Amino acid sequence: MEIKNLETLNDIVGMSKGNTPVQSRIYEKLDELRVTHQRQLDEESSKTKENLDELTRFIHDMKMPMTTMKLMLDDLPETEGEKLVGEWTRLNGMLNEVLYLKRLPNIKNDLYIESLDLNIVLNTSIRKLKEICIRKRIGFDIDLQESVVYTDMKWCQFIIDQLITNSVKYSEDNDIVIRSSMENGFMHLTITDYGRGIEQRDLDRIFEAGFTSTGDHQDEQSTGMGLFIAKNVAETLNIKLFADSVYTEYTTMTLVFNKENRFTNITAR
């Protein structure tokens, strides 16, 4: 019995029980441990699924009062409602982050590749932030030389929502510049803001889970999860996402969409 070749307890299945009573007892004990281990894994997996299901129900339950609150805020005079709208937008964004984080492990089962006009995606993102942009005097300078990509609309919308939300969050009294171009057959979409910027030491870490700025410790607006989720979604969609920034001057987030290929021709509708 080649116990030394075992890598996992499941490798015991199909092995010989050995040629001696001692070898048989060892095999039986290992198999007993395998069964116990698998049962514990199944129990933990079931608990995790129940917790995730409960979390999903909670988020969806929260969405109804959030919708009601937004309708009530829209009826308030502008001066009374603008600060509340900002907090509502922040809370709604955090709920969406949790919901998409929960969906992330199964994202490959939740994709529908189609021809997508980025003008529509960008306008949807900007409309969600209209009140905040008015209050902060933020405009958008958009010039798309190319606008059609082949990707999943829902998940692409999430990525661009995150990038534009960050640009608005850390900007004031400036335009956010959005450009697209084709380079070697790849669509490049850039979103540039002239706000706070990112310190050089943080650039390589902004896509880590839970990471917030090392220099701005007073920043309570960031959960550190939005860019982490966006990066993971982008990788699944075969989209490159990277950042360039000079602290106190600008930040540019770039999305590079994959070429249209045989797979997109087959799956796009």
Side-chain angles (χ1 to χ4, degrees), residues 49 52-67 70 88-130 132-133 140 142 144 146-169 176 178 180 186-191 206-207 209 223-243 253-269:
K49 184 179 183 305
L52 288 174
D53 289 343
E54 189 64 34
L55 178 60
T56 302
R57 283 194 293 271
F58 167 77
I59 294 170
H60 285 293
D61 287 346
M62 286 288 289
K63 285 291 186 177
M64 181 58 72
M66 289 290 292
T67 300
K70 186 62 168 62
W88 180 91
T89 301
R90 180 185 171 200
L91 179 58
N92 190 56
M94 292 168 67
L95 285 173
N96 284 333
E97 281 184 13
V98 176
L99 184 59
Y100 277 87
L101 183 62
K102 188 264 179 187
R103 292 173 175 169
L104 194 58
N106 298 313
I107 181 175
K108 291 183 179 180
N109 299 323
D110 190 33
L111 297 180
Y112 180 77
I113 306 300
E114 60 185 315
S115 174
L116 188 63
D117 188 342
L118 288 178
N119 283 295
I120 297 174
V121 179
L122 290 167
N123 287 334
T124 299
S125 294
I126 292 168
R127 280 199 305 271
K128 294 175 183 177
L129 301 168
K130 181 179 69 174
I132 295 177
C133 290
F140 289 87
I142 302 175
L144 303 185
E146 300 285 344
S147 64
V148 176
V149 295
Y150 292 85
T151 189
D152 180 90
M153 181 178 68
K154 178 178 63 204
W155 287 100
C156 182
Q157 185 74 65
F158 175 82
I159 296 172
I160 291 180
D161 280 355
Q162 291 298 315
L163 301 186
I164 290 183
T165 296
N166 276 359
S167 291
V168 170
K169 184 187 301 182
I176 293 170
I178 302 175
S180 75
F186 291 86
M187 156 81 83
H188 288 240
L189 179 72
T190 61
I191 300 173
I206 61 173
F207 297 112
T223 63
M225 295 304 296
L227 287 179
F228 166 75
I229 302 172
K231 181 72 169 180
N232 278 269
V233 171
E235 289 177 353
T236 301
L237 294 176
N238 203 16
I239 299 172
K240 294 181 181 178
L241 169 60
F242 54 91
M253 306 298 292
T254 300
L255 290 168
V256 181
F257 291 85
N258 199 29
K259 294 180 180 180
E260 181 184 358
N261 53 34
R262 184 182 177 189
F263 173 72
T264 55
N265 284 331
I266 292 172
T267 57
R269 298 290 186 270

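Computed from a prediction, not measured in an experiment: that's the story for all the values here.
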Could you grab the distance from atom CD1 of Ile132 to atom CD1 of Ile126, nearest 0.5 Å is fine? 13.5 Å

Could you state the interatomic distance from NE2 (His188) to CZ (Phe257), rounded to the nearest 0.5 Å? 11.0 Å

pair [X]-[Y]: side-chain heavy atoms closer than 4.5 Å:
| X | Y | value |
| --- | --- | --- |
| Glu97 | Gln162 | yes |
| Asp152 | Ile107 | no |
| Asn106 | Asp110 | no |
| Lys154 | Tyr100 | yes |
| Phe140 | Val168 | yes |
| Thr124 | Lys128 | yes |
| Leu118 | Ser180 | no |
| Asn96 | Asp161 | no |

What are the two closest heavy atoms between [X] and [Y], and how far apart are they?
| X | Y | result |
| --- | --- | --- |
| Leu163 | Met253 | CD2-CE, 3.9 Å |
| Leu101 | Pro105 | O-CD, 3.5 Å |
| Ile176 | Ser167 | CD1-CB, 3.6 Å |
| Ser115 | Tyr150 | CB-CE2, 3.7 Å |

Can you tell me which residue among Thr254, Val256, Ile160 is in a side-chain contact (heavy atoms from CB on, under 4.5 Å) with Leu189? Ile160

Derivation and outcome, side-chain contact (heavy atoms from CB on, under 4.5 Å), residues Ile178 and Ile164: CA-CA 10 Å; Ile178 302 175; Ile164 290 183; 4.3 Å; yes

Would you find a donor on one side and an acceptor on the other, under 3.5 Å apart, between the side chain of Lys108 and the backbone of Thr236? no

Assess whether side-chain contact (heavy atoms from CB on, under 4.5 Å) is satisfied between Asn258 and Val149, documenting all intermediate values. CA-CA 8 Å; Asn258 199 29; Val149 295; over 6 Å; no

